[in-house]
Undergrad: 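To start, I am sharing the structure in question, which I have written as structure tokens.
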Amino acid sequence: MATKAEMRDRIEARINEGLRDKWYPVAKSVEIRSDRPYGTEAQGEKLVLWRTADGSIRCIEDFCPHRGAPLSFGEVHEGHIGCRYHGIIVDGTGTVQRVPAMPDCPMEGSKVLRAYQVQEVADAVFVFLSQKETDTAPDLPLPQELSNPNWTGFLCSAVWDVNYRYALDNLADPMHGCFLHAESFTLAFGSKQDILDLDRKEAGFKVSRVGQVGENFDWVQFHIEEGGMFCFLDIPYPPAAGPGGHMRILGYVTPMGPRRCKVFFWRMREVSGTARESWRFLYRARLEERHWNVLEQDRVMLEGMPDDARTRERLYQHDIGVAHLRRMLTRAARSQLEAEDGQKPNAAE
Ligand code: FES
Ligand SMILES: [Fe+2]
């Protein structure tokens with residue numbers, strides 16, 4: 001029987017790695033090609049992805065079953081992947097198709113690598129990161145804007161050298177906008193004093209500034225489902241930013257390793273007709289660079305924080321969203337671990 005302290009450590013470790021059995025975005029669609037493989041990392045696992053001739057995407061462990069070379073250093077070969085080291089061909093199910101250097105090699109035909117479920121949505125590639133290989137998965141949670149034709153936008157992603165929890169904490173903290181981004185194009189407005197309100201939702205929660213509405217980064221909502229989570233927030237846009245309503249940011253954060261994560265942000269506006277084209281033009285020509293500058297401010301700040309900042313921090317009222325998010329992660333990690341313990345063969349003994 002695990003002691004309370006042991007369980008606490010396991011929960012902490014699980015949260016640090018990222019909750020299992022969730023969908024996480026791992027790449028932009030354009031990064032996955034049929035002429036070369038793409039290697040990445042998620043929850044400490046090395047993955048390789050590629051596209052087959054019909055455009056669908058495969059994802060397996062990035063590990064050659066022969067001697068462990070990264071398959072992502074190899075090449076795509078008739079819809080399979082070929083290792084650069086000695087030429088073994090592995091397919092998208094993780095089964096060795098051919099060992100060209102060795103006639104009748106017994107490895108041929110055996111499934112030796114793990115395969116992952118993949119979904120491609122709104123210019124992003126999501127992978128189901130489960131504890132074990134599985135054919136079933138809960139739904140991938142998606143914001144409605146990604147499938148609503150009235151909305152249009154752009155996806156940007158970046159790798160940050162910081163544990164993903166810092167990126168999530170940052171998103172759950174609207175008050176940093178008017179300080180950290182005070183010099184920015186859209187976030188320079190509004191007051192620097194306020195209190196925050198927490199509103200529990202059916203799936204997740206919303207944290208909002210009480211004294212300021214519609215001026216700056218005033219609220220953020222986390223949507224949390226069994227299959228994963230995302231957050232969304234609105235940034236009011238000045239007239240100089242072109243047609244369309246406020247800019248809605250949809251965000252996902254993917255744990256890569258202990259000190260690395262990948263952030264995915266869609267920047268969306270509800271705008272149609274020719275106004276839509278002019279907003280898209282303006283975004284590419286002028287706004288995108290400004291957004292990158294804001295994101296860089298977040299990245300530099302978070303990467304500068306020590307890994308164990310959590311052990312010495314002193315939260316105050318504005319951290320109500322951060323604290324709530326952490327509680328939700330703790331609860332989810334605990335129930336995952338308890339479920340896993342319950343599945344062990346000797347659990348009933
Ligand atoms: S390590 Fe891949 S074929 Fe030898
Ligand atoms: Fe920020």
Side-chain angles (χ1 to χ4, degrees), residues 37 39 46 48 50 60-77 80-91 94-103 105-110 112-113 156-158 160 162 164-190 192 194 196 207 209 212 215-222 231-236 247-253 261 263-267 287 290-305 318-319 321-322 325:
K46 305 254 193 223
V48 57
W50 71 97
I60 61 174
E61 288 174 71
D62 191 10
F63 179 91
C64 177
H66 175 218
R67 295 242 309 279
L71 290 170
S72 56
F73 290 9
E75 55 202 34
V76 178
H77 186 78
H80 308 318
I81 188 159
C83 179
R84 181 151 216 102
Y85 211 1
H86 314 93
I88 282 188
I89 310 272
V90 184
D91 70 16
T95 303
V96 177
Q97 286 287 330
R98 273 197 319 123
V99 183
M102 178 74 201
C105 178
M107 223 193 303
E108 286 184 352
S110 30
V112 284
L113 297 179
C156 83
S157 75
W160 290 353
V162 64
Y164 81 101
R165 296 170 71 176
Y166 286 70
L168 285 183
D169 284 351
N170 185 57
L171 283 162
D173 161 31
M175 283 306 289
H176 85 264
C178 59
F179 288 91
L180 180 62
H181 306 307
E183 309 296 319
S184 76
F185 176 55
T186 49
L187 296 172
F189 313 102
K192 289 186 164 41
D194 215 334
L196 268 67
V207 60
R209 292 181 58 155
Q212 178 170 296
E215 284 224 40
N216 193 311
F217 173 17
D218 297 333
W219 59 266
V220 60
Q221 185 164 337
F222 277 75
C231 68
F232 56 99
L233 56 106
D234 283 347
I235 305 291
M247 183 174 68
R248 176 152 294 182
I249 298 182
L250 314 168
Y252 289 78
V253 181
C261 66
V263 294
F264 291 80
F265 294 113
W266 280 262
R267 299 183 174 117
L287 304 176
R290 292 175 176 163
H291 292 314
W292 275 112
N293 294 342
V294 171
L295 262 194
E296 277 296 283
Q297 291 168 344
D298 290 308
R299 181 187 67 77
V300 168
M301 181 57 69
L302 300 180
E303 288 183 353
M305 291 166 69
H318 293 170
D319 300 307
V322 172
L325 178 62

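Note that the numbering runs from 1 along the sequence shown for the chain. Whatever order the structure lists them in is the order used to number ligands and atoms, beginning at 1.
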Undergrad: Run through L233, D173, L171 and flag the one making a side-chain contact (heavy atoms from CB on, under 4.5 Å) with F217.
TA: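 Among L233, D173, L171, the one meeting side-chain contact (heavy atoms from CB on, under 4.5 Å) with F217 is L233.
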
Undergrad: Can you spot which of R98, H80, Q97 makes a side-chain hydrogen bond (donor to acceptor under 3.5 Å, both in side chains) with D91?
TA: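 The side-chain hydrogen bond (donor to acceptor under 3.5 Å, both in side chains) with D91 is passed solely by Q97 among R98, H80, Q97.
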
Undergrad: Checking H181 against N216: is there a side-chain donor and acceptor pair closer than 3.5 Å?
TA: no

Undergrad: Starting from atom 4 (Fe) of ligand 1, look over the N/O/S atoms of H66 and name the nearest one.
TA: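 Relative to atom 4 (Fe) of ligand 1, the closest nitrogen, oxygen or sulfur of H66 carries the name ND1.
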
Undergrad: So W266 and Y252, would you call those rings parallel, tilted or perpendicular, with 30° and 60° as cut-offs?
TA: perpendicular

Undergrad: Of all N, O or S atoms in H86, which has the smallest distance to atom 4 (Fe) of ligand 1?
TA: ND1

Undergrad: Go through ligand 1 atom by atom and flag the ones less than 4.0 Å from a non-hydrogen atom of A69.
TA: 1 (S)

Undergrad: Which of the atoms in ligand 1, numbered in the order shown and given with their element, are less than 4.0 Å from a heavy-atom of C83?
TA: 1 (S), 2 (Fe), 3 (S)

Undergrad: Under a 4.0 Å threshold between the charged nitrogen and the carboxylate oxygen, would K46 count as salt-bridged to E61?
TA: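 So E61 does not pair with K46 through a salt bridge.
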
Undergrad: Could you list which atoms of ligand 1 come closer than 4.0 Å to a heavy atom of G87?
TA: 3 (S)

Undergrad: Decide side chain to side chain contact (heavy atoms under 4.5 Å, CB included) for Y85 and H66; before the verdict, give the C-alpha distance in whole Å, the side-chain angles of both, and the deciding distance to 0.1 Å.
TA: CA-CA 9 Å; Y85 211 1; H66 175 218; 5.7 Å; no

Undergrad: Please determine whether C64 has a backbone or side-chain N, O or S atom lying under 2.8 Å from atom 4 (Fe) of ligand 1.
TA: no

Undergrad: Could you list the atoms of ligand 1 found under 4.0 angstrom from a heavy atom of I88?
TA: 3 (S)

Undergrad: If you check every N/O/S atom of D298, which is the one nearest the Fe ion (ligand 2)?
TA: OD1

